[in-house]
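Lettering follows sequence order; numbering is per chain, from 1.
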There are 2 protein chains.
Amino acid sequence: MIYDILFKHLEQKIQLSEVEKEIVKSYFIPKTLKKRKLLLQEGYVCKYLTFVASGLLKTYHIDEKGKEHISQFTPEGWWTSDMHSFFHSVPSQYTIDALEDSELLMITAEDFENMTLQVPVMDRYFRLLFQNSLVVKERRLVTAHTLTAEEKYRQLVENNPGLVNRVPQNLLASYLGLTAATVSRLKKNV
Amino acid sequence: MIYDILFKHLEQKIQLSEVEKEIVKSYFIPKTLKKRKLLLQEGYVCKYLTFVASGLLKTYHIDEKGKEHISQFTPEGWWTSDMHSFFHSVPSQYTIDALEDSELLMITAEDFENMTLQVPVMDRYFRLLFQNSLVVKERRLVTAHTLTAEEKYRQLVENNPGLVNRVPQNLLASYLGLTAATVSRLKKNV
DNA sequence: TAAAAGCGTTGACCTGAATCAACTTCATTT
DNA sequence: AAATGAAGTTGATTCAGGTCAACGCTTTTA
């Protein structure tokens, strides 16, 4: 069941009683999202924090020249949203859509607040989650600044082999801050 | 008093009883760090999560060519550490040192754990803190990928005017992933 | 099953920022 | 006050990666 996937992930970081599980469960709205469908559109407030139970989403931003910059891939077992938009109710800078048919569990900001007040250990869960995400983001920033295009691609292949086989190469390029042409060329040396 | 600076910041996000304050206070070790002195050296485990009560620190990484890449400036009222090293007791990837004489409050990983168990609302504080940091890091990553050198510098001046007047230009360059020569040149157009 | 769209490759060319190096302040030490 | 060393500027040159465009191959869609 879809909620069990969520609890399996929560229980990797925290313990929940049956009562707490029921409370948490009651706050999440299930939803399926077909490939190419939008979860969030740039310019609109991000209404949900979303757990991906199955499938794969991408988060991206379109710049003034119309170029797509992918900031995040979200496969099953991970969370997504535009956090700034979600927590502060301001227009989103990002669009999120599905790369594969996906099953989602979503919670509103108001319910998120209520849930953490009712089940404070969820604060701990998200503290740990955000803590880990921060480490990952920090690392991506360092590699963006220090590595050559080839090293960036090589590192992605080493660290995320699953992703490389699951996502078109032009999207990986965008995620790395490179062009599709560049990635195509440097693949030969890797 | 130095602990009051800490509590002032905690109370921007959470409420603490007097008892809780005493508990929290008991876990933090005060320390002063003179300009140019190290708080953490790359290769060593980061033993402390550190609150900067006054002063300014920088976090950086030296690449194979000996080039310094600054990942973070930490002025008064903010936290610093190599989170990955701190929470997982692995060698640090970063060095942290003082750009100005600084007053610090430090907590070990073990005490951090005990503190959050004794005062669960601290999980909420750090959830909120990490949540906000994540938004900031995410944004830096997007600008690293989408902006030109000049736009990066301009945005820094707009968003962090304080920092620009406080930190030598070559360090700002490193923070932006640019060279000192480049920043010097593009300043004229800004 | 034809047309369209998405994806990957490759070539020719261009350019923004890096590199390297010299020279100047300015600040800190002694 | 001399000396050492950060910090900033500027010029000449280089080059990694972007841009633009053409061409196949495969997958969707009509």
Pairs under 3.5 angstrom only: tabulate donor-acceptor contacts from the side chains of residues 126-135 of chain A to other protein residues two or more places apart or in another chain.
{"from": "A:R127", "atom 1": "NE", "to": "B:D123", "atom 2": "OD1", "distance (Å)": "2.9"}
{"from": "A:R127", "atom 1": "NH1", "to": "A:Q131", "atom 2": "OE1", "distance (Å)": "2.7"}
{"from": "A:R127", "atom 1": "NH2", "to": "B:D123", "atom 2": "OD1", "distance (Å)": "3.0"}
{"from": "A:N132", "atom 1": "ND2", "to": "A:L128", "atom 2": "O", "distance (Å)": "3.4"}
{"from": "A:S133", "atom 1": "OG", "to": "A:L129", "atom 2": "O", "distance (Å)": "3.0"}

Taking side-chain hydrogen bond (donor to acceptor under 3.5 Å, both in side chains) as the definition, give me every residue that meets it alongside B:T95, ordered by chain and number, with sequence neighbours left out. none

Do the rings of B:F73 and B:Y175 sit parallel, tilted or perpendicular, given the 30° and 60° boundaries? tilted

Using five base pairs at each end, measure the axis-to-axis angle across the helix from C:dT1-D:dA30 to C:dT30-D:dA1 and round it to 10 degrees. 60°

What does B:K152 touch in the nucleic acid at a heavy-atom separation under 4.0 angstrom: a base, only the sugar-phosphate, or nothing? nothing

Distance-only check: which donor-acceptor pairs under 3.5 Å involve side-chain atoms of residues 24-35 of chain A, not counting sequence neighbours?
{"from": "A:S26", "atom 1": "OG", "to": "A:I23", "atom 2": "O", "distance (Å)": "2.6"}
{"from": "A:Y27", "atom 1": "OH", "to": "A:Q118", "atom 2": "NE2", "distance (Å)": "2.5"}

Side-chain donor-acceptor distances from residues 42-50 of chain A under 3.5 Å, at least two apart:
{"from": "A:E42", "atom 1": "OE2", "to": "A:H61", "atom 2": "ND1", "distance (Å)": "3.2"}

Going by an N to O cut-off under 4.0 Å, is there a salt bridge joining B:R154 and B:E151? no

Verify side-chain contact (heavy atoms from CB on, under 4.5 Å) between B:Q72 and B:K137, making sure each step is shown before the conclusion. CA-CA 10 Å; B:Q72 173 105 50; B:K137 281 270 184 320; 3.2 Å; yes

Taking all non-hydrogen atoms of both residues, which atom of B:L147 and which atom of B:Q155 are closest, and how far apart? CD1-NE2, 3.5 Å

Test salt bridge (charged side-chain N to carboxylate O under 4.0 Å, His left out) applied to A:D82 - qualifying residues, sequence neighbours left out: none

List the residues meeting side-chain hydrogen bond (donor to acceptor under 3.5 Å, both in side chains) with A:D97, not counting sequence neighbours, and say none if there are none. A:K58, A:Y60

What residues 156-174 of chain B contributes to the DNA chain C interface at heavy-atom separation below 4.0 Å is none

Chain B footprint on DNA chain D, 5' to 3' - any atom under 4.0 Å from a heavy atom: D:dA7 to D:dA12

With sequence neighbours left out, write down each residue that passes side chain to side chain contact (heavy atoms under 4.5 Å, CB included) with A:V183, or none if nothing qualifies. A:Y153, A:Q169, A:A173, A:L178

Any pair counted as salt bridge (Lys or Arg N to Asp or Glu O under 4.0 Å), so long as it reaches residues 177-189 of chain B, sequence neighbours left out: none

Nucleotides 17-30 of chain C: protein proximity per nucleotide (B base, S sugar-phosphate only, - neither; heavy atom, under 4.0 Å): SSB-----------

